[in-house]
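Contents: one structure, followed by commentary.
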Amino acid sequence: MAKKNQTLGEFIIENQEAFQYSSGELSRLINSIRLAAKVVNHEVNKAGLVDILGAAGETNIQGEDQQKLDVYANEKFIQTLTNREIVCGIASEENDDFITICGQKEDHNNKYVVLMDPLDGSSNIDVNVSVGTIFSVYRRVTPLGTPVTIDDFLQPGSEQVAAGYIVYGTSTMLVYTTGHGVNGFTLNPAIGTYYLSHPDMKFPEDGNIYSINEGNYAHFPQGVKDYIKYCQTEEDNRPYTSRYIGSLVSDIHRNMIKGGIYIYPKSSKSSNGKLRLLYECNPMAFIVEQAGGKASDGHQRIMDLKPTELHQRVPFFCGSKNMVEKAEEFMKKK
Ligand SMILES: O=P(O)(O)OC[C@H]1O[C@](O)(COP(=O)(O)O)[C@@H](O)[C@@H]1O
Ligand SMILES: [Mg+2]
Ligand SMILES: [Mg+2]
């Protein structure tokens, strides 16, 4: 049983056996993410003092202006994961294609691939609003000793062996699952150690917070418009409260603690919405489901979707189980 204030290191070792493939590699992988997150956290915390604010001057494959912190975080996570000899491939929001990691012995014998959003909530970096990092881990499907292929990355979310996020907010927290519940660890920056502050996190089945960028209302499907009206109607425990930070990690983290629903739907401006299936929606869906919540594209379970492209986007409905089911009812009607 997870002991409050246990360190992340202790927790990882103690729970290693629970992992079906436990041979220590996944523990080393989580440990390397823990380390890279500390390095990024250090930079985030002093963002105004060092030359890390603003655009980096490049655009990524999504056509977005990369922020300096996007590039910095991307480099730190790739470096740390590569140095630890655990991954055979990495895919990132900031890299057009996946990266093959052949290992120091160049034998392609590592078992895991990592997909990541190194810096989530980029539009909030320069305005000192919380941002995050999201990661998703799979066992490779191609034979050991051969270079990874796209097949190792295009696996349905239900095949994830671990997923998590780091939120760089008023405090820095690492929240993750290996399929045995969800646990949250808070970083004590003075000593650089994460402590178990949120054992066995549970997503309330109901809540009264809805999170959606209503600025796009005119372009939303009718089902979403009707659900927003439902949230705003004076009835039962409604109207709900509208909360939207604009950082996926922070919006879902808040809703997981308080109860609520986050929606980034498709719209007449973006036929598949904005969020990326492989390194935003799948990992958040794994965590949310492990905490008792629900995640779909408005119709189908996110983790049942068969990915076809590295950077594909999907509509995302995620949060308290009863609230997501209500929103899906409205989507069905239209
Ligand atoms: O500004 P919008 O259109 O509401 O989009 C906000 C959403 O886009 C994101 O910033 C996309 O993620 P990145 O910042 O990693 O590109 C989410 O974190 C957030 O929920
Ligand atoms: Mg993101
Ligand atoms: Mg990002």
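Counting starts at 1 for both ligands and their atoms, in listed order. Side-chain atoms are counted along with the backbone in the values below, which use heavy atoms only and exclude waters and symmetry mates. Since we're looking at a predicted model, the values are computed, not measured.
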Let me know which of R313, K274, R276 forms a salt bridge (charged side-chain N to carboxylate O under 4.0 Å, His left out) with E93.
-> R276
Give a yes or no on whether the ring-centroid distance for F185 and F11 is below 6.0 angstrom.
-> yes
Does the ring centre of Y264 sit less than 6.0 Å away from the ring centre of F316?
-> no
Under 3.5 Å, N or O to N or O, is [X] touching ligand 1 that way?
X    : result
N213 : yes
D117 : yes
L248 : yes

Of I33, I166, L174, the one forming a side-chain contact (heavy atoms from CB on, under 4.5 Å) with T133 is I166
Check V182, I252, V249 against V175 for a side-chain contact (heavy atoms from CB on, under 4.5 Å) and give me the one that passes.
-> V182
Test of understanding: given a 4.0 Å heavy-atom threshold, classify the contact between [X] and ligand 1 as side chain, backbone, both, or neither.
X    : value
F316 : neither
L119 : backbone
R276 : side chain

Look at the N, O or S atoms of D117, main chain and side chain alike, and state whether any lies under 2.8 Å from the Mg ion (ligand 3).
-> yes
Of the choices G273, A73, S247, G121, which has the non-hydrogen atom that lies closest to atom 10 (O) of ligand 1?
-> G121
The OE1(E93)-the Mg ion (ligand 3)-O(L119) angle, to 10°, is 160°
At what distance, to the nearest 0.5 angstrom, does CD1 of I12 lie from CD1 of I30?
-> 6.0 Å
S270 side-chain N/O to N272 backbone N/O, donor-acceptor pair under 3.5 Å = no
